[in-house]
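A short write-up of the structure that comes next.
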Number of protein chains: 2
Amino acid sequence: MINYTDILRQHNLKATPQRLAITDVLYVQGHITIESLYKVMVKKFNSISLATIYKNINLMLENSFIQEVKIPHAKSVYELTKENHSHFACEKCGEIQDIIIDLDNIINEVARTNTFKINSSDLVLSGLCKNCQQN
Amino acid sequence: MINYTDILRQHNLKATPQRLAITDVLYVQGHITIESLYKVMVKKFNSISLATIYKNINLMLENSFIQEVKIPHAKSVYELTKENHSHFACEKCGEIQDIIIDLDNIINEVARTNTFKINSSDLVLSGLCKNCQQN
DNA sequence: TATTAAAAGATAATTATTATCCTTTAAGTT
DNA sequence: AACTTAAAGGATAATAATTATCTTTTAATA
Ligand SMILES: [Mn+2]
Ligand SMILES: [Mn+2]
Ligand SMILES: [Zn+2]
Ligand SMILES: [Zn+2]
């Protein structure tokens, strides 16, 4: 288990056992829904409250310690903040994968031909993962 | 008001006055949240039920007559199905604009270097619209 | 015009999320 | 190591969002 105590504190978050466990789950799983996170956490803290999950997810979002990823036709997943990246979502099994895609050219081109100022981009590609292509 | 009666029927949807009005609102507004749609519809049908909004939105989604667009840090908006396109979302005023972006090169490149099969892409650029850049 | 399956409206039920309140605790301070 | 305290956790009530149920109405077809 990676030690995230200092990183939590840098984000103005007390390093409680529950938060360290949430962080570890996010680190190990990569992307997870609220519902799944709660189920995993209950195994570690049998009396944890769902409210604790929500409160922490919201705080961590506010402090940019984690990010929400909205997936078409599915529930949002949450992940530790890292370098900008896009996502692939399997329509069959629900797996989410990170993809590094350089969108600079596209964004620059869009910025050049439009009036708005672009601060960020969110790209999700949907389809079938390797496993689900076979079965 | 455009006549969407036949188009609704082609999607196996009875052309009720409520549905024609929803369609007209979507046509005129472009992108709209459930909440806003309900407020607009109540002006036209003062006794319309919120359940009617939800049932119709869900049916129209199932029949691909409309699409849901998930926006980061904001509520989903709904729009009439049209040719593939991306979106710009203003972080300040919430305005949503269509953008035509050719993602074929990127998608082909991603498909070439990865194992998954891509069926669709969803791209949302966020930032400030022209108006909100000034104020 | 009569028939009927589907849709609308009213509202109950369920699910998702947030708020409240009391207890516990992390993180400093002595 | 004990003391202090604001913050966090747990229990649960409250609210918001969405879906289900049931009765009445109506679009579509004959
Ligand atoms: Mn990711
Ligand atoms: Mn659009
Ligand atoms: Zn899969
Ligand atoms: Zn704006």
Side-chain angles (χ1 to χ4, degrees), chain A residues 1 3-26 32-63 65-66 68-78, chain B residues 1 3-26 32-63 65-66 68-78:
Chain A
M1 187 191 276
N3 183 334
Y4 268 96
T5 302
D6 294 337
I7 305 178
L8 280 168
R9 288 182 186 150
Q10 283 162 24
H11 286 84
N12 302 310
L13 296 167
K14 276 192 186 178
T16 66
Q18 291 85 346
R19 283 177 185 166
L20 288 167
I22 289 174
T23 305
D24 185 58
V25 172
L26 290 172
I32 196 167
T33 63
I34 293 272
E35 191 185 1
S36 300
L37 175 60
Y38 178 58
K39 285 181 183 167
V40 174
M41 288 295 292
V42 165
K43 291 179 194 161
K44 306 189 181 199
F45 299 84
N46 59 3
S47 72
I48 197 171
S49 169
L50 183 54
T52 298
I53 303 292
Y54 275 106
K55 282 184 286 194
N56 278 319
I57 287 293
N58 286 334
L59 260 179
M60 288 171 169
L61 283 171
E62 283 167 26
N63 294 310
F65 180 67
I66 65 173
E68 177 178 4
V69 184
K70 293 195 174 187
I71 309 292
H73 314 297
K75 290 182 181 168
S76 287
V77 294
Y78 299 85
Chain B
M1 185 192 279
N3 183 335
Y4 268 95
T5 302
D6 295 338
I7 305 179
L8 279 169
R9 288 183 186 150
Q10 284 162 22
H11 285 85
N12 302 311
L13 297 167
K14 278 192 184 179
T16 66
Q18 291 85 347
R19 283 177 184 165
L20 287 166
I22 289 174
T23 305
D24 186 59
V25 171
L26 290 172
I32 196 168
T33 62
I34 293 273
E35 190 184 2
S36 300
L37 175 60
Y38 179 58
K39 285 182 183 167
V40 174
M41 289 295 291
V42 165
K43 291 180 192 159
K44 306 188 180 197
F45 300 84
N46 59 4
S47 73
I48 197 171
S49 169
L50 182 55
T52 298
I53 303 292
Y54 275 106
K55 282 185 287 193
N56 278 319
I57 287 293
N58 285 334
L59 260 179
M60 289 171 168
L61 283 171
E62 284 168 25
N63 294 311
F65 181 66
I66 65 173
E68 176 177 7
V69 184
K70 294 196 174 185
I71 309 291
H73 313 298
K75 291 181 181 169
S76 287
V77 294
Y78 299 85

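Every chain is numbered from 1 and lettered A, B, ... according to where its sequence line falls, protein lines coming before strand lines.
Under the side chain to side chain donor-acceptor pair (under 3.5 Å) criterion, B/Gln10 pairs with no residue at all, not counting sequence neighbours. Applying the side chain to side chain donor-acceptor pair (under 3.5 Å) criterion to A/Glu62, with sequence neighbours excluded, gives no partner residue. Partners of A/His73 according to the ring-ring contact (aromatic ring centres under 6.0 Å, His included) rule, which considers only residues two or more places apart in sequence or in another chain, do not exist here. By the side chain to side chain contact (heavy atoms under 4.5 Å, CB included) test, B/Leu61 is found to be paired with B/Ile57, B/Asn58, B/Ile66, B/Glu68, B/Tyr78, residues two or more places apart in sequence or in another chain being considered. Residues meeting the side chain to side chain donor-acceptor pair (under 3.5 Å) test with A/Glu35, sequence neighbours left out: A/Lys75. For B/Ala74, the side chain to side chain contact (heavy atoms under 4.5 Å, CB included) criterion is met by B/Ile71, not counting sequence neighbours.
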Notebook entry, point to check: Using a cut-off of 4.0 Å between protein heavy atoms and nucleotide atoms, how would you tag nucleotides 23-30 of chain D 5' to 3' with B, S and -?
Noted result: ----BS--
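Atom CD1 of B/Ile53 and atom C1' of D/dA16 are 17 Å apart (whole Å). Spacing between atom OH of B/Tyr38 and atom C1' of D/dA16 amounts to 14 Å, rounded to whole angstrom units. In this entry the distance linking CD1 of A/Ile48 with C1' of D/dA11 reads 13 Å, nearest Å.
Atom CG in B/Leu37 sits 12.0 Å away from atom NZ in B/Lys39 (nearest 0.5 Å). From A/Lys44, atom NZ reaches atom CG of A/Asp24 across 4.5 Å, with rounding to the nearest 0.5 Å.
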Notebook entry, point to check: Can B/Tyr54 and B/Ile34 be said to form a side chain to side chain contact (heavy atoms under 4.5 Å, CB included), step by step?
Noted result: CA-CA 8 Å; B/Tyr54 275 106; B/Ile34 293 273; 3.8 Å; yes
Next item on the list: Before giving the answer on side chain to side chain contact (heavy atoms under 4.5 Å, CB included), spell out for A/Thr33 and A/Val77 the whole-Å C-alpha distance, their side-chain angles and the decisive distance to 0.1 Å.
Entry: CA-CA 4 Å; A/Thr33 63; A/Val77 294; 3.9 Å; yes
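At the heavy-atom level, B/Ile34 lies nowhere under 4.0 Å from the strands shown.
Distance alone, capped at 3.5 Å, places no donor-acceptor pair between the B/Asn63 side chain and the B/Phe65 backbone.
With no hydrogens or angles considered, no side-chain donor-acceptor pair links B/Thr52 and B/Ser49 at under 3.5 Å.
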With 3.5 Å as the limit, what N/O pairs link the protein to nucleotides 19-22 of chain D?
residue, atom, partner, partner atom, Å
D/dT19, OP2, B/Asn58, ND2, 2.9

Pairs under 3.5 angstrom only: tabulate donor-acceptor contacts from the side chains of residues 12-22 of chain B to other protein residues two or more places apart or in another chain.
residue, atom, partner, partner atom, Å
B/Thr16, OG1, B/Arg19, N, 3.1
B/Arg19, NE, B/Asn56, OD1, 2.6
B/Arg19, NH1, B/Lys14, O, 3.0
B/Arg19, NH2, B/Asn56, OD1, 3.2

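For the helix from C/dT1-D/dA30 to C/dT30-D/dA1, the axis fitted to the five pairs at one end and the axis fitted to the five pairs at the other end meet at an angle of 40° (nearest 10 degrees).
Nucleotides of DNA chain C lying under 4.0 Å from heavy atoms of chain A occupy a range whose first and last members, 5' to 3', are C/dA16 to C/dA27.
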